[in-house]
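First up is the structure itself, then whatever we jot down about it.
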Amino acid sequence: QVQLVESGGGWVQPGGSLRLSCAASGISFSVYFMAWYRQVPGNQRERVATITSEYIATYADSVKGRFTISRDNAKNTLYLQMNGLKPEDTAVYYCKAARFVNYWGQGTQVTVSS
């Protein structure tokens, strides 16, 4: 049974930081393409950052220079370090594992407001 469990969301003031984690089980984590997405109610899910099994990372233009995606294959865990948070970063953040099929976590809420 595949499980992706996100954690680390919460409320933060503009300019603050949060670190999201996504703990994976039931998959050979190291070979999976991993990604973070976010979604605001009423909007499409937006890809935020991706990282390959070779640790090659990509970012949406809206988060470049502020967010960092990383992975720890020994811990089967994906991370998203978010600095310089803005109110427009408010969303539910999801992790995705992809190889031949896609697996999604349940999401974690991030709220940025003063």
Side-chain angles (χ1 to χ4, degrees):
Q1 180 184 355
V2 177
Q3 276 197 311
L4 299 176
V5 180
E6 299 98 335
S7 62
W11 173 83
V12 64
Q13 291 186 333
S17 298
L18 284 174
R19 188 195 197 202
L20 305 184
S21 299
C22 171
S25 59
I27 59 172
S28 297
F29 179 79
S30 64
V31 301
Y32 272 73
F33 177 94
M34 300 298 297
W36 286 101
Y37 283 72
R38 65 187 180 187
Q39 189 170 25
V40 175
N43 289 5
Q44 283 193 331
R45 198 167 287 191
E46 173 194 18
R47 187 169 61 195
V48 174
T50 69
I51 186 165
T52 70
S53 56
E54 292 81 27
Y55 299 92
I56 298 171
T58 65
Y59 299 92
D61 287 343
S62 58
V63 307
K64 274 181 186 175
R66 299 188 298 122
F67 290 11
T68 302
I69 188 171
S70 62
R71 63 193 298 162
D72 186 335
N73 289 343
K75 295 183 179 179
N76 289 350
T77 302
L78 177 73
Y79 301 100
L80 186 68
Q81 178 66 44
M82 305 186 295
N83 299 328
L85 282 161
K86 304 175 181 180
E88 51 264 42
D89 295 318
T90 296
V92 178
Y93 283 72
Y94 299 89
C95 69
K96 183 181 87 169
R99 194 166 183 221
F100 301 111
V101 296
N102 294 333
Y103 299 104
W104 292 91
Q106 82 290 346
T108 186
Q109 176 70 46
V110 171
T111 302
V112 185
S113 73
S114 53

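Just so you know, these numbers come straight off a predicted model, no measurement behind them. Heavy-atom basis, side chains included; hydrogens, waters and symmetry copies ignored. Residues: numbered from 1 along the sequence shown.
- Between the side chain of Thr77 and the backbone N or O of Lys75 there is at least one donor-acceptor pair closer than 3.5 Å.
- Within the model, atoms CG of Asn83 and CG of Leu18 stand 9.5 Å from one another, a figure rounded to the nearest 0.5 Å.
- A side-chain donor-acceptor contact under 3.5 Å links Asn73 and Tyr55.
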Given salt bridge (charged side-chain N to carboxylate O under 4.0 Å, His left out), test Asp89 with Lys86 step by step and report yes or no. CA-CA 5 Å; Asp89 295 318; Lys86 304 175 181 180; over 6 Å; no
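- Listed by chain and number, the residues in a salt bridge (Lys or Arg N to Asp or Glu O under 4.0 Å) with Arg99 amount to none (sequence neighbours excluded).
- Minimum heavy-atom separation, Gly84 to Ser17: N-OG, 4.4 Å.
- In this structure the side chain of Pro14 never reaches within 4.5 angstrom of the side chain of Ser113, judged on heavy atoms.
- Scanning for side-chain hydrogen bond (donor to acceptor under 3.5 Å, both in side chains) contacts around Arg19 gives an empty result, with sequence neighbours left out.
- Hydrophobic clustering (side-chain heavy atoms under 4.5 Å, transitive across Ile, Leu, Val, Met, Phe, Trp, Tyr) keeps Trp36 apart from Phe33.
- Across every non-hydrogen atom of Ser70 and Leu78, the tightest pair is O-CD1, 3.3 Å.
- Once rounded to the nearest 0.5 Å, the distance linking CZ of Arg38 with CG of Asn43 reads 10.5 Å.
- Remark: Thr90 engages Gln109, Thr111, Val112 in a side-chain contact (heavy atoms from CB on, under 4.5 Å) (not counting sequence neighbours).
- Across every non-hydrogen atom of Ile69 and Ala35, the tightest pair is CD1-CA, 4.5 Å.
- With sequence neighbours excluded, no residue forms a ring-ring contact (aromatic ring centres under 6.0 Å, His included) with Trp11.
- Under the 4.5 Å side-chain heavy-atom criterion for Ile, Leu, Val, Met, Phe, Trp and Tyr, Phe67 and Tyr79 are members of distinct hydrophobic clusters.
- When hydrophobic residues (I, L, V, M, F, W, Y) are linked wherever their side-chain heavy atoms come within less than 4.5 Å, the members clustered with Tyr37 are Val92, Tyr94, Trp104.
- The two residues Val5 and Gln106 make their nearest non-hydrogen contact at CA-OE1, 3.7 Å.
- Residues forming a side-chain hydrogen bond (donor to acceptor under 3.5 Å, both in side chains) with Thr50 (at least two apart in sequence, or on another chain): Thr58.
- Cluster annotation: Leu80 is connected to Leu85 through the hydrophobic network of ILVMFWY side chains, with a link wherever side-chain heavy atoms come within less than 4.5 Å.
- Members clustered with Val40: none, using a 4.5 Å side-chain heavy-atom cutoff among hydrophobic residues.
- Residue Gln44 qualifies as open at atom CD: its count of foreign heavy atoms under 6.0 Å is 12 or below.
- Atoms OG and CG, from Ser28 and Asn76 in turn, are 8.5 Å apart once rounded to the nearest 0.5 Å.
- Remark: Glu46 CD to Gln39 CD distance equals 10.5 Å, nearest 0.5 Å.
- With hydrogens and angles disregarded, a donor-acceptor distance shorter than 3.5 Å links the side chain of Arg71 to the backbone of Thr52.
- Residues Val101 and Leu4 are members of one and the same hydrophobic cluster, defined by side-chain heavy-atom contacts under 4.5 angstrom among Ile, Leu, Val, Met, Phe, Trp and Tyr.
- Note on residues 8-62: pairs passing disulfide bond (SG atoms under 2.5 Å apart), not counting sequence neighbours, are Cys22-Cys95.
- Annotation: salt bridge (charged side-chain N to carboxylate O under 4.0 Å, His left out) contacts involving residues 23-33, sequence neighbours excluded, are absent.
- The side-chain hydrogen bond (donor to acceptor under 3.5 Å, both in side chains) test applied to Ser114 returns no partner, not counting sequence neighbours.
- Scanning for side-chain hydrogen bond (donor to acceptor under 3.5 Å, both in side chains) contacts around Arg47 gives an empty result, with sequence neighbours left out.
- Under the side-chain contact (heavy atoms from CB on, under 4.5 Å) criterion, Thr68 pairs with Tyr59, Gln81, not counting sequence neighbours.
- Distance check: Gln3 CD to Tyr103 OH gives 12.5 Å after rounding to the nearest 0.5 Å.
- Although no hydrogens or angles enter the test, the distance criterion places a donor-acceptor pair under 3.5 Å between the side chain of Glu6 and the main chain of Gly107.
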